[in-house]
Chemist: 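Sending over a structure as structure tokens; questions will come in a sec.
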Amino acid sequence: MSAGAVGRAYPRLEGREKVTGTARYAVEYPVDGVTYGWAVPSAVVRGRITRVDPAQALASPGVLAVVHHGNAPRLAPGPEPDLWLLQEPTVHYRGQFIAVVVATSLEAAREGARLVRIDYDAGPHSTVLTDDHPGLYKPDHINPSYPTDTAEGDFDAGYAAAPVRVDVTYRTPAYHNNPMEPHATTAQWHDGRLLVHDSNQGASSVRATLAELFELPRESVRVVTQHVGGGFGSKGYAKAAVVLAALAARHVDRPVRLALTRQQLFGPIGYRTPTIQRVRLAADADGRLTAICHDAISQTSTMREFAEQTAVYTRSMYAAPHRRTTHRLVRLDVPTPFWMRAPGECPGAYALESAMDELAVAVGIDPVELRIRNDTEVDPDQGRPFTSRNLVACLREGAQRFGWADRDPAPRSRRDGHWLVGSGVAGSSYPARARPCSATATARPDGSFLVRINVTDIGTGARTAMWQVAADALGVPPERVAISIGDSDLPTAPVAGGSMGTASWSWAVIRACQALRGKLPEGGSPDRDVSAEADTSDEVGGQPTLPRYAYGAQFAEVRVDATTGEVRLNRMLGVFAAGQVVNPTTARSQLIGGMTMGLSMALHEEGVLDERYGDWVNHDLATYHITGCADVESIEAYWLDERDGELNPAGVKGIGEIGIVGAAAAIANAVHHATGVRIRDLPIRLDKLVGVSELA
Ligand code: MOS
């Protein structure tokens, strides 16, 4: 590869289209004869629909159809029961989509949805996660395929024998993904073929799911996903909107546009499961961990099992001879939880990195030093060395940049008028995985190149990053390269998720470009189009599997109003080691975005559940608080110049998720340092601080 484009700060290729409003999102494509769908949610938590009366809706101007389980096109029962929509009268949770009204305008569809009469037989429900729920059970494995429990040494004996012990339980609420663009689809059927313009994180997988549900060959389904307004994991697979739109379009035999409302995103698309996490740490008098235990409880639905890997972070982060992790789950009458930025690692790191802070206080050692002392070059879980682990380097550089050295470790030791000021630190890590991918590269007689790959750019800058990678792999200036993404007719690529998009896609892009170079005349252009393709299935599948992770260190300084308990972030600073950074501009956005989301998790976001109602009561951005610009006074992200030749041809580790991991713990630890009060259930609201102690 020639040095050049990779590592340089290019603006997004589609930036101009986005800021001028010409970039088309899923429901913005002009389509002749398009109609509008409006999803109808169930009004009960658990039960059975006994009657659907569409008469009033159908009499309303513009309404074309009310599609429900009694008249909807049939779907094949697949492995995703959540997507078997409008097929049966059963209600599994409040807000489940049970009908779609189709009309000639959005307004008419909405009015029609209001007029559909639905009767139910409703039963009792259980929607609250507790640590003594009678339904708690041990799943066979946890996501994506980890063992449910692990144990090395003898935790109980190691814990009992230690001079310093911490035994603490943390709670996190449900968090809702809330991308700017909702789940949205325009669906069209032409001669038995399905075309959808859809907002998702992976058009290849959405195509596969739709083909399965509608019993079509994959070639008969096309999913176009040019621009996506975020997903944070919630669009990782096909979700309700695309299935409802396709069902409705088939039923009315017209194109249908369907976008979920903001309120409808709170549940049916998935959410981060609430957790209850007990962490026990034991150490010698020097702060060296001797025993670690992390017991995690989370929830799933009655439709299918989603077993989040909450305690997996603890398996590999710090070493100790005696270690145990467990996961327990309960099936509640709720929508199925799903991925939200760093599923498992994010809430798990909040608990472990908070407990490490509690241990630092208990043993009287600086929390940066405590983490350095418990660093390990060998993965405690796998017993093999990490490909690279620069946690200590991140902690040291972060401490230096943040100005940690002057910190008085005593809580409540800094005051600024009526503000109590404190600082906190946390470690961070996220797996550096890759999946098989394919791509093609074409050279043209005019000296230009075209790279085709079904990458999904959910706003991260993926399109631009792959263009940079392709240019270097071709050994040409990027201006000579065009890249085509966002269409399931392009070579198949894995989802933009799990922080493995860049690693997976760049692998295939580089192999296709290398293959193309082998076919071209030396130093010149071909006299006709010449193409080469690559599929990394064998190479990725056969790779040696040394443990591989990105690392980071998160530092936060907060101020807490001594009278009201209001918490504000003064500044936050993260240093990350994530291999090769392809584009500093877009990488920085990913990292500070993740950190901001961690701030939001620590202080602002919370799904508030009412058991009588059987649902979260805050279903909009007025009542579900998300960190806004005014809450972010200063967030800085830096990275180390890390080269890890074990990973993949581009040497990348992925940066989409690591920014959120540990961020909430750093803030919670800073709140403790400022106030002397340890709040162990997120978010840290002012009423919790005021309720626990007289701050002033
Ligand atoms: Mo991310 S939650 O894996 O899309």
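Whatever order the structure lists them in is the order used to number ligands and atoms, beginning at 1.
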Chemist: State whether a side-chain donor-acceptor pair under 3.5 Å links Lys239 with Ser234.
Modeler: no

Chemist: Pick one of side chain, backbone, both or neither for how Pro343 approaches ligand 1, counting any non-hydrogen atom pair under 4.0 Å.
Modeler: side chain

Chemist: Should Gly497 be counted as touching ligand 1, given the test is an N or O pair under 3.5 Å?
Modeler: no

Chemist: Identify the protein heavy atom lying closest to atom 3 (O) of ligand 1, giving its residue, its atom name and the separation to 0.1 Å.
Modeler: Gly498 N, 2.5 Å

Chemist: Less than 6.0 angstrom from the centroid, inside 45 degrees of the normal: does Arg341 satisfy that with respect to the ring of Tyr175?
Modeler: no

Chemist: Is the distance between the ring centroids of Tyr638 and Phe576 under 6.0 Å?
Modeler: no

Chemist: Please list, in number order, the atoms of ligand 1 under 4.0 Å from a heavy atom of Arg341.
Modeler: 2 (S)

Chemist: Looking only at the side chains, is there a donor atom on one of Thr172 and Thr275 sitting less than 3.5 Å from an acceptor on the other?
Modeler: yes

Chemist: As a check for students: among Glu345, Glu657, Gln201, identify the option with a heavy atom nearest to atom 4 (O) of ligand 1.
Modeler: Gln201

Chemist: Among Phe232, Trp616, Tyr624, find the one that has a ring pair (Phe, Tyr, Trp, His ring centres under 6.0 Å) with Tyr271.
Modeler: Trp616

